[in-house]
Amino acid sequence: MGPVTRSSSRVVAKVAKSKAGIDKPLKANNNPGIEKRPKKTRKVKVGNSKNDQDVKKRLESDPGASTTKPSGSKSFWLMKAEPESRIVKGKDVKFRQNIKYSIDDLADMENQTSPWDGVRNYEARNIMRDRMKIGDEVLFYHSNCKQPGIAGLCEVVRDAYPDFTAFDKDHPYYDPKSDEKAPRWFVDVKFVRKFPQLILLSRLKEHLKNSKSADSSPLKNMALLNRGRLSVQPVSKEEMEFIMKLSSGDATL
DNA sequence: GCCAACGTTGGC
DNA sequence: GCCAACGTTGGC
């Protein structure tokens, strides 16, 4: 299973750069203690760039960010995939190497399970690598399509492991900045259920807009609405409960 | 370490 | 197809 496919087109662009001999070393690592990178050819002080500090700030204010998660507790996430084909430079970037992108595609896979590979954004990668755990529940979001929205539920069935697609020069997700010593990561997810109705992004936005005060909606801090571009994002317990009610067709919402 | 330029995301 | 938002790059 893949993430938002545009990120892979970006990866393709990076491959082209690499072939031209101008690929750059990996940027600052947000979690230096966990991922050791023997060669740091770029002089960036780890964790101190503006972006790193922004990320740190976000993680600190983020309800799912606790690293001392009590055993047995469950975290919630939202992951974006693109269910529709998209043509980039004459090539359909959706269907390749049997990778597909809608919740129906996940349901059709062997064991209804698939690696969520191809994530290249650092913050999204770090969430998968450091925070997603077996048993966590994941909202499956359909992105960049006619009807963007939350399509169903899946669960994490394998903790993070290195993203081998990043090492494979022939793979669409090949990433010249990744190798065995500085890998990208992913988790495996398993289909749980498809919602009877897509929960449209427009509906969530409408709900937020119509709530009596800025503070009264359980969606007020939802990353999907506030941080649109993050492809793997945390969902709070409150947000999750609300989405679950919506998914079961609660007419009072 | 700053920040402008650039490239991508993703809703519309 | 447009374009605002924002993440990444790379010169300084």
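Chain identifiers are assigned alphabetically (A, B, ...) following the order of the sequence lines, protein sequences preceding nucleic acid strands; residue numbering begins at 1 within each chain.
For the pair A/Tyr141 OH and B/dT9 P, the computed distance is 15 Å after rounding to whole Å. Straight-line distance from the CG atom of A/Asn126 to the P atom of C/dG7: 14 Å, rounded to whole Å. In this entry the distance linking CD of A/Glu82 with C1' of B/dT9 reads 9 Å, nearest Å. Atom P of nucleotide B/dT9 and atom CD of A/Gln233 are separated by 15 Å, given to the nearest angstrom. The separation between A/Asn144 atom CG and C/dA4 atom P is 18 Å, rounded to whole Å. As a whole-Å value, the separation of A/Lys80 NZ from B/dT8 C1' is 12 Å. Going from atom CG of A/Leu198 over to atom C1' of B/dG11 covers 14 Å, rounded to whole Å. Whole-Å rounding puts the A/Met79 CE to B/dT9 C1' distance at 17 Å.
Here A/Phe242 pairs with A/His207 under the ring-ring contact (aromatic ring centres under 6.0 Å, His included) rule; sequence neighbours left out.
The shortest distance between the side-chain N/O atoms of A/Tyr122 and the OP1/OP2 oxygens of C/dC6 is not below 4.0 Å. Between A/Asn121 and B/dT8 there is no side-chain polar atom (N or O) within less than 4.0 angstrom of OP1 or OP2. Side-chain nitrogen and oxygen atoms of A/Arg229 include none within less than 4.0 Å of the OP1 or OP2 phosphate oxygen of C/dA4.
No contact: A/Lys146 has no heavy atom under 4.0 Å from any strand.
Taking a 6.0 Å sphere around CD of A/Gln197, one finds it holds 12 or fewer heavy atoms contributed by other residues, nucleotides or ligands.
Rounding to the nearest 0.5 angstrom, the gap separating the CG atom in A/Leu225 from the OG atom in A/Ser217 is 8.0 Å.
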Side-chain donor-acceptor pairs under 3.5 Å in residues 151-159 of chain A, sequence neighbours left out?
| unit_1 | atom_1 | unit_2 | atom_2 | d |
| --- | --- | --- | --- | --- |
| A/Asp159 | OD1 | A/Ile134 | N | 2.9 |

